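The shown structure was predicted, so the numbers you read here are calculated from the model rather than taken from an experiment.
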There are 2 protein chains.
Amino acid sequence: MTSAEPETRPRPTHTQRAVDSFVLELSARHPGIEVLAPTPETGPYRYDAATAKTAAPDAGTDGPAVVFPASAGEVQQVVRLAAELGVSVVPRGAGTGLSGGATATAGQVVVSTERLTAVIEVSPLDEVAVVEPGLINAELNARLAPHGLFYAPDPASFDISSIGGNIATNAGGLRCAKYGVTRESVLALDVVLADGSLVSVGHRSIKGVTGLDLTSLFVGSEGILGIVVRATVRLRPIPVARRTVTAFFDSTAAGAAGLSAITLSPVRPAAIEFFDTPSLDNIDSHSGTSLRGRGAALILIELDGYGIEAQSADLAAALTAAGGRVTVESDDDGVRLWELRRSGRGLPKDKWYIGEDIAVPKSRLPEVYAAFPALEARFGVDISAVSHAGDGNLHPLITLDRQPGDDPAQPPAALQEAATELVRVALSLGGTVTGEHGIGSIKQDWAALELSPRIRQAQHAIKSALDPHALLNPGKAI
Amino acid sequence: MTSAEPETRPRPTHTQRAVDSFVLELSARHPGIEVLAPTPETGPYRYDAATAKTAAPDAGTDGPAVVFPASAGEVQQVVRLAAELGVSVVPRGAGTGLSGGATATAGQVVVSTERLTAVIEVSPLDEVAVVEPGLINAELNARLAPHGLFYAPDPASFDISSIGGNIATNAGGLRCAKYGVTRESVLALDVVLADGSLVSVGHRSIKGVTGLDLTSLFVGSEGILGIVVRATVRLRPIPVARRTVTAFFDSTAAGAAGLSAITLSPVRPAAIEFFDTPSLDNIDSHSGTSLRGRGAALILIELDGYGIEAQSADLAAALTAAGGRVTVESDDDGVRLWELRRSGRGLPKDKWYIGEDIAVPKSRLPEVYAAFPALEARFGVDISAVSHAGDGNLHPLITLDRQPGDDPAQPPAALQEAATELVRVALSLGGTVTGEHGIGSIKQDWAALELSPRIRQAQHAIKSALDPHALLNPGKAI
């Protein structure tokens with residue numbers, strides 16, 4: 001190469017120049033705010049957990065600018081400057097999202113909440129905690145345990161995902177059927193709007209109906225309406241007892257059909273997880289267990305609260321009548337089984353895969369499982385699914401063998417086609433394309449299958465009402 | 001009077017003429033839709049339960065036009081015609097609202113949901129019901145009982161209020177601390193928007209995060225964003241047991257302080273109602289009971305679910321330690337006590353009164369009660385309050401003796417001033433001006449005390465985004 005080498009780099013785009021200006025101005029005006037200029041070092045901020053796995057090899061390519069505000073006031077300063085310079089802003093929690101909601105380009109500014117991790121207050125008498133958005137979900141619960149309290153929303157990522165990210169996606173989890181999704185645990189928010197103003201919405205009480213419910217609107221809005229800088233969340237007393245119950249069945253179909261026995265019983269478990277045959281095979285293969293020796297499908301249940309013996313007895317009777325082989329597990333075995341649920345499955349390193357997040361009315365779960373074989377035959381894929389069965393939310397894993405000539409950055413079309421067809425199955429059963437992960441940047445096409453043009457127009461109108469210049473997380477969620 | 005008498009009637013205003021045109025056009029284009037022209041007969045539609053009591057004597061004055069659509073399609077036809085003619089539309093359920101949210105003027109069209117009362121579906125397997133908005137809350141529960149299911153939101157008006165009205169106000173009730181407010185039980189809605197389009201939002205599953213959460217936004221929006229024509233609501237199994245527990249204390253202050261003992265216990269009752277001394281006196285006087293013989297303050301609790309004996313024992317221990325005289329009531333006594341809670345108090349016929357709906361963080365309830373004496377002395381009023389103590393929601397009753405010269409349509413200023421000062425007390429404790437009744441038309445000034453100008457601006461921007469011509473229920477909620 002000659003001395004002209006630097007000239008061969010592509011000329012920066014308009015947005016890239018604007019971001020460079022942003023970094024210079026921010027450092028000049030607010031030198032206390034930590035900022036990373038767009039360099040290859042910030043490349044990882046272009047992805048979240050959904051998009052990183054198919055990321056193109058890009059060492060040496062600039063990422064976005066990244067700021068690390070340490071207070072609500074600093075978030076305001078960042079947003080005001082970005083608005084002034086016309087640079088779009090991507091809020092980011094822990095980057096564990098599964099729909100590309102926090103992905104950013106080289107021309108954008110990522111506002112990371114990594115420095116906003118304080119537990120500002122725990123109030124046992126009001127049963128609330130006031131926290132900053134970057135706080136990790138599990139860390140909050142660790143801080144609450146000495147008070148005998150817990151924060152209910154428990155996405156499987158709770159060890160690594162942030163409260164702010166959970167709020168942005170209205171994260172679900174295992175215990176939602178009993179305790180609700182994130183929205184039901186968020187009472188009040190402080191939010192920095194697109195014009196840099198800081199507003200407080202909601203209440204520290206369970207009730208409060210002063211005007212439109214903006215708190216619920218911000219929850220699940222994936223950062224397109226504002227940046228949450230503080231949240232007042234609802235707490236609950238740790239249950240007086242917990243018990244794990246298993247019911248094994250002879251086939252996926254038999255197990256899926258058995259789920260209705262729980263619904264028709266008076267027992268409402270904290271969590272109801274359903275594993276089909278290939279999911280059990282996967283766990284046994286990855287974790288060295290022998291679940292398949294006990295059956296070909298598993299309903300894994302957590303009971304909690306008062307009357308745990310009577311709950312267990314009523315549930316066991318219902319599931320036994322439905323053909324299940326029921327065991328009330330020991331505490332140790334219960335812990336192991338829930339650990340297997342959360343991290344016992346292996347992701348296929350040598351295969352292409354897509355993880356889905358469809359949900360259907362819970363009575364229709366058997367029909368979703370019954371649809372797998374035809375899709376497998378049609379697209380040459382393998383499909384398995386673990387479900388949060390209490391709320392009809394499935395996480396199908398669709399896999400396809402890698403071929404020698406495959407482009408590592410370009411999954412075969414059949415994989416995406418199978419995934420889309422499975423989404424159509426969910427919609428045909430009255431379901432949704434995403435139960436708890438969100439639309440982000442990668443499910444926009446699927447959202448269009450679910451939402452009418454008039455609803456999408458209404459969503460864009462609300463976005464424009466709060467962010468007329470489309471500054472915040474453009475191209476996400478809606 | 002002379003033959004010129006008709007001429008002395010005031011000339012109709014522009015809006016009144018527009019409403020007359022609306023009635024004529026509707027009858028011509030859609031003769032199947034029942035409509036009442038604006039006459040004195042429609043006068044009652046100018047009021048709801050909040051505004052009727054101070055209504056001016058107005059026999060002979062025209063009310064609004066009233067339409068009674070019998071299908072979603074007819075609601076669309078009504079709204080489209082109103083939009084075409086520029087006539088504003090006031091959605092109305094059962095008219096039991098307590099904030100003037102359904103009040104209408106002679107120049108408006110009331111869209112009554114009285115003909116939309118169908119239970120379209122009850123699905124025990126999905127634990128949902130699909131209903132029309134005019135259905136009375138208690139009627140839904142009567143229809144669910146044979147299935148062993150119930151709909152949890154239970155505003156005190158449940159015998160007479162409609163599901164649509166409950167949704168419009170995000171109604172609360174007694175069991176909210178355990179089961180959530182109306183929003184937590186509404187999964188999906190069909191809504192007619194201001195342009196007459198019919199949209200479906202939400203999901204039939206507990207989870208679903210496709211785009212912005214418009215379902216939650218419509219809940220509590222008091223009819224300013226759209227008219228709900230169908231709702232999919234969440235059901236729950238009727239608990240296996242229920243039990244009523246009472247704890248009497250020697251003073252209002254002692255009882256209010258005792259509430260924290262429940263919070264610090266592991267028991268989470270379905271309902272926790274607190275009665276201060278004058279509220280017990282009121283019930284005894286009105287209902288011929290002798291509650292005051294048992295104490296000067298009462299915490300009335302409903303437990304439900306599994307382990308009812310253990311729950312009762314833990315709760316009794318906690319309340320006894322807090323100084324309460326605790327009784328686990330017989331089933332019959334329990335029924336009587338809850339009936340006294342709902343309708344045992346008398347409204348003072350010979351006095352002016354205002355009923356409030358403030359809420360505070362529940363640890364601050366004792367401070368609200370402690371503030372009553374100074375307000376009573378300052379404004380010459382009497383104040384008592386029953387509280388939904390589990391969620392910090394008080395219903396203070398502020399009364400003032402009527403004087404011979406009082407104008408029946410004009411309450412003394414001291415009454416409203418005392419009410420406003422009590423609202424300020426709630427706000428100073430981190431509370432809200434309305435826990436469950438809504439802003440409607442009569443609490444706009446109080447809303448301004450609670451919400452920042454920027455929040456109010458955001459609320460109006462959202463309203464404009466969905467209803468740019470301010471067709472739906474103008475002047476309400478925000």
Sort out for me which of Ile238(B), Asp195(B), Val360(B), Val219(B) touches chain A most, counting heavy-atom pairs under 4.5 Å. Asp195(B)
Gap separating the CG atom of Leu466(B) from the CD atom of Gln459(A), nearest 0.5 angstrom: 10.0 Å
Between Lys207(A) and Val181(B) the two heavy atoms that sit nearest each other are CG-CG1, 3.8 Å
At a heavy-atom separation under 4.5 Å, does Gln311(A) approach chain B through its side chain, its backbone, both, or neither? both
If one checks every heavy atom of Val267(A) against chain B at 4.5 Å, the contacting part turns out to be both
Between Thr432(A), Ile478(A), Val199(A), Thr210(A), the one whose heavy-atom pairs under 4.5 Å with chain B are most numerous: Thr210(A)
So which residue, Arg268(A), Glu436(A), Arg204(A), ends up with the most heavy-atom pairs under 4.5 Å with chain B? Arg268(A)
Pair up each side-chain donor or acceptor in residues 166-177 of chain A with any protein partner under 3.5 Å, not counting sequence neighbours, and list the distances.
unit_1: Asn166(A); atom_1: OD1; unit_2: Asn137(A); atom_2: ND2; d: 3.0
unit_1: Asn166(A); atom_1: ND2; unit_2: Ser161(A); atom_2: OG; d: 3.2
unit_1: Asn166(A); atom_1: ND2; unit_2: Ser162(A); atom_2: O; d: 3.2
unit_1: Thr169(A); atom_1: OG1; unit_2: Gly165(A); atom_2: O; d: 3.0
unit_1: Thr169(A); atom_1: OG1; unit_2: Asn166(A); atom_2: O; d: 3.4
unit_1: Asn170(A); atom_1: OD1; unit_2: Thr182(A); atom_2: N; d: 3.4
unit_1: Asn170(A); atom_1: OD1; unit_2: Arg183(A); atom_2: N; d: 2.8
unit_1: Arg175(A); atom_1: NE; unit_2: Ala152(A); atom_2: O; d: 3.4
unit_1: Arg175(A); atom_1: NH2; unit_2: Ala152(A); atom_2: O; d: 3.3

Flag the one option from Ala188(A), Gly208(A), Gly392(A) with the top tally of heavy-atom pairs under 4.5 Å to chain B. Gly208(A)
Assert top hit (heavy-atom pairs under 4.5 Å, partner chain B, pool Val201(A), Asp314(A), Ile224(A), Val240(A)) equals Asp314(A)
Under 4.5 Å to a heavy atom of chain A? For Ile439(B) that would be both
If one checks every heavy atom of His437(A) against chain B at 4.5 Å, the contacting part turns out to be backbone
Chain B shares the most heavy-atom pairs under 4.5 Å, among Ile455(A), Asp213(A), Asp391(A), with Asp391(A)
Side chain, backbone, both or neither: which part of Arg236(A) has an atom under 4.5 Å from a heavy atom of chain B? neither
Minimum heavy-atom separation for Thr263(B) to Pro124(A), with atom names? CG2-O, 3.3 Å
Heavy-atom cut-off 4.5 Å, strictly under: side chain, backbone, both or neither for Ala477(A) against chain B? backbone
Toward chain B, the part of Ser200(A) with a non-hydrogen atom under 4.5 Å: backbone
Measure distances from Arg456(A) to the heavy atoms of chain B and classify the residue's part below 4.5 Å as side chain, backbone, both or neither. neither
Nearest heavy-atom neighbours spanning Tyr306(A) and Pro266(B): OH-CG, 3.3 Å
What part of Leu451(B) gets closer than 4.5 Å to chain A, counting heavy atoms only: side chain, backbone, both or neither? side chain
Can you tell me how far the OG atom of Ser216(B) sits from the CD atom of Glu184(A), to the nearest 0.5 Å? 7.5 Å
Closest heavy-atom pair and its distance - Gly438(B), Val209(A): N-CG2, 3.4 Å
Under 4.5 Å to a heavy atom of chain B? For Leu225(A) that would be side chain
Once rounded to the nearest 0.5 Å, what's the spacing between atom CG of Leu125(B) and atom CZ of Arg364(A)? 11.0 Å
Please find the pair of heavy atoms, one from Ser197(A) and one from Arg454(B), that lie closest to each other, and give the distance. OG-NE, 3.1 Å
Below 4.5 Å from any heavy atom of chain B, which atoms of Ile358(A) appear? Answer side chain, backbone, both or neither. neither
Does any backbone or side-chain atom of Leu193(B) lie under 4.5 Å from a heavy atom of chain A? Answer side chain, backbone, both or neither. side chain
Looking only at the side chains, is there a donor atom on one of Ser363(A) and Asp126(B) sitting less than 3.5 Å from an acceptor on the other? yes
By a 4.5 Å heavy-atom criterion (distance strictly below it), what part of Thr434(A) contacts chain B: side chain, backbone, both, or neither? both
Output all residues satisfying ring pair (Phe, Tyr, Trp, His ring centres under 6.0 Å) with Tyr179(B), sequence neighbours left out; order by chain, then residue number. Phe150(B)
Tell me, out of Ala465(A), Pro361(A), Ser205(A), who's got the most heavy-atom pairs with chain B below 4.5 Å. Pro361(A)
Among Leu212(B), Asn393(B), Leu214(B), Leu264(B), residue most engaged with chain A (heavy-atom pairs, under 4.5 Å): Leu212(B)
